[in-house]
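Read the numbers this way: they start at 1 and go in the same order the structure lists the ligands and their atoms.
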Amino acid sequence: MTIQILDAMARGGFEALHALHDPRSGTRAFLAIHDTTAGPAFGGIRRFSYREEDDAVRDCMRLARSMTYKCALLGVPGGGGKMVLLDRNGMDREAVYRFIGNEVERLGGRWYTGPDVGTGEQELGWLAEHTRYVTRPDAEGPGELGEATARGVVAGMGAALRALDGEEDWEQRTIVVQGLGDVGRRVCRELRSRGAKVMASELDPGRAEDAERTLGVEIVDTSAEFDPECDIFAPCAMGGILHDLTLPRLRCRIVAGSANNVLASPHHGDGLHERGILYVPDFAINAGALVRGATFHRTGERVPMETIEDRIGSAVHGILESAVSEDRPPARVALEVAEARLDEIRTSANGGVH
Ligand code: NAD
C-alpha cells in the first residue's frame with residue numbers, strides 16, 4: 001500500500017523527511033529526522049537495494065524512530081535520524097558518499113551520522129572529508145562502534161539469563177547467532193571467551209568458514225537458522241526476521257541480538273510472549289554504538305566498554321524486571337518507558353506545559 005507520508009509523520013511524531021536526489025553522483029536517498037527535542041539526531045546511513053521507494057521510506061522512518069527510543073532509554077541527550085541510500089548495481093559509491101557528506105554538513109549539526117549496513121570505514125572516510133558531523137573511523141573518532149554494540153548485546157543477554165534463571169552460567173549455554181558481520185562476529189568471540197557454545201549462520205560462505213576456523217563456532221545452514229534448540233537466538237543480520245513463518249520455528253528461551261526492528265510487526269512481540277520466549281527489545285540492547293558515538297560527539301569522551309556494558313545491562317534489566325513481574329511482553333514495556341521519557345523531555349522543553 002502506498003504510504004501517505006505526512007499522515008505517517010504525524011502518527012509517528014516525525015519532524016522531517018528529506019528526499020535527496022543528485023543526478024551527477026546518482027544519489028537517491030531519504031533522511032528521516034524523528035525527534036530532536038533532547039538534542040541533535042543521531043543515526044547511520046543504511047545502503048540497501050530496496051524493491052520499492054515505499055519500502056525505503058518505511059524502513060527509514062522506523063529506523064529513525066528506534067534511534068529516538070534508544071536515546072530516551074539510555075539517557076543520551078539526542079534524538080533519532082536515519083538515512084537510507086537506495087543502492088543499485090554500478091553506483092559510484094565514492095561520488096554518492098561525497099555528495100551526502102556535503103548535505104550532512106549543510107544541515108549544520110541537526111543530524112550526526114555514522115555506520116550502518118552498507119556504510120563502513122571506507123564510506124565514513126569519504127563522508128568525513130566533507131562534514132564534521134560524522135563518526136570518524138580513524139584515531140580522531142570515538143573508537144570501535146561495532147565492538148560497543150557487541151559488548152552491549154552480550155551484557156543484555158546476561159541480564160536476560162539472570163531474569164530467567166538468576167544466573168548467567170555461560171559455560172552451560174548455547175547461543176545461535178544469525179549473521180557474522182561486524183557485530184555478529186564480535187558477539188560470537190565474546191561469547192566463546194566466556195565459555196558458551198556458539199552456533200551461527202551466515203550468507204557469505206567465506207565469513208562462515210572464517211568464524212568456524214578462528215572462533216570455534218559451529219555453522220548452521222541459513223535455511224535451518226531458526227530451528228536449533230538453544231538458550232538464546234541472537235539476530236545480528238537484518239530486521240523483520242521474526243514473523244508468522246519464522247516464529248513457530250524458534251526453539252529458544254530468549255531472543256536477544258543487535259539487529260534493528262527484529263519484529264516484523266508489534267504483534268510478533270506478543271507472539272513471542274505467548275510462546276514463553278523472553279524477547280529483549282532491540283532498541284535497548286543494541287544501543288552500545290549510539291552511547292559511544294553520541295557521547296563522543298557531544299563531550300569528546302570515549303566511553304569505556306565496561307561503562308557501555310553496565311548501562312545496557314541495567315537498561316535491559318529494568319525493562320525485563322517489569323515485564324516478568326507484570327507478565328507482559330518486554331517490547332511493549334520498553335516502548336512505554338521510552339514514550340514516557342520522551343513525554344517528560346518534551347514537557348520540560350515546553351516549560352512544563354503538556
Ligand atoms: P553487517 O552488514 O556487517 O553484517 C550483517 C551480516 O549478516 C552479513 O555478513 C550478512 O551476510 C549476514 N546476513 C544477512 N542475512 C542473513 C541471514 N538471513 N542469515 C545469516 N546471515 C545473514 O552489519 P552489522 O554492522 O554487523 O549489523 C548487524 C545488525 O545490527 C544490523 O541489523 C544493524 O542495523 C544492527 N546494528 C548494528 C550496529 C553497529 O554498531 N554496527 C549498531 C546497532 C544495530
Side-chain angles (χ1 to χ4, degrees), residues 42-49 59-60 62-64 66-67 69-71 73-74 76 80 82-85 87 113-124 135 137 141-154 156 176-190 199-212 217 219-228 233-243 245-246 249 255-264 280-294 296 303 305 308 312:
F42 291 96
I45 299 172
R46 174 163 297 192
R47 177 167 56 88
F48 191 70
S49 45
D59 203 26
C60 189
R62 258 201 313 258
L63 290 164
S66 289
M67 294 305 291
Y69 291 150
K70 289 185 207 191
C71 289
L73 282 182
L74 273 302
V76 171
K82 202 87 175 188
M83 179 176 281
V84 299
L85 168 58
D87 201 8
T113 193
D116 197 282
V117 173
T119 300
E121 279 195 20
Q122 188 171 49
E123 290 80 9
L124 294 174
T135 301
E144 288 188 321
L145 295 184
E147 185 66 19
T149 303
R151 296 279 284 270
V153 165
V154 175
V176 175
V177 178
Q178 181 192 39
L180 289 165
D182 188 30
V183 180
R185 198 189 145 76
R186 294 169 193 269
V187 167
C188 290
R189 201 184 47 217
E190 184 65 25
M199 301 164 90
S201 62
E202 167 56 54
L203 291 175
D204 177 334
R207 285 186 178 180
E209 194 197 308
D210 184 66
E212 186 174 36
V217 161
I219 298 299
V220 184
D221 194 90
T222 50
S223 63
E225 60 196 1
F226 296 100
D227 306 331
F233 175 74
C236 296
M238 300 306 282
I241 53 110
L242 290 186
H243 47 70
L245 297 179
T246 51
R249 287 170 56 186
V255 171
S258 73
N260 283 306
N261 302 325
V262 169
L263 304 172
V280 182
D282 44 15
F283 55 84
I285 195 171
N286 72 8
L290 168 72
V291 170
R292 205 164 211 222
F296 181 77
V303 184
M305 289 299 170
I308 292 187
I312 304 275

side-chain hydrogen bond (donor to acceptor under 3.5 Å, both in side chains) filter on E190, not counting sequence neighbours, yields R194
Return yes if some donor-acceptor pair links the side-chain N/O of T119 with the main-chain N/O of I45 below 3.5 Å, else return no. yes
Partners of C188 by side chain to side chain contact (heavy atoms under 4.5 Å, CB included), sequence neighbours excluded? V177, L180, V198, A200, L215, V217
Give every pair formed by an N or O atom of ligand 1 and a protein N or O atom closer than 3.5 Å, one pair per line with both atom names and the distance to 0.1 Å, or write none.
| from | atom 1 | to | atom 2 | distance (Å) |
| --- | --- | --- | --- | --- |
| ligand 1 | 3 (O) | D182 | N | 3.0 |
| ligand 1 | 9 (O) | E202 | OE1 | 2.7 |
| ligand 1 | 9 (O) | E202 | OE2 | 3.0 |
| ligand 1 | 9 (O) | R207 | NH1 | 2.5 |
| ligand 1 | 11 (O) | E202 | OE2 | 2.5 |
| ligand 1 | 18 (N) | E225 | OE2 | 3.2 |
| ligand 1 | 19 (N) | E225 | OE1 | 2.7 |
| ligand 1 | 26 (O) | D182 | N | 3.1 |
| ligand 1 | 26 (O) | V183 | N | 2.8 |
| ligand 1 | 30 (O) | S258 | O | 3.3 |
| ligand 1 | 30 (O) | S258 | OG | 2.9 |
| ligand 1 | 32 (O) | A237 | O | 2.6 |
| ligand 1 | 34 (O) | R46 | NH2 | 2.8 |
| ligand 1 | 34 (O) | N260 | ND2 | 3.0 |
| ligand 1 | 40 (O) | T149 | OG1 | 2.7 |

Can you list everything that forms a side-chain hydrogen bond (donor to acceptor under 3.5 Å, both in side chains) with D282? Sequence neighbours excluded, please. none
So, R186 side chain and D182 main chain: donor-acceptor pair closer than 3.5 Å or not? yes
Under a 4.0 Å threshold between the charged nitrogen and the carboxylate oxygen, would R47 count as salt-bridged to D116? no
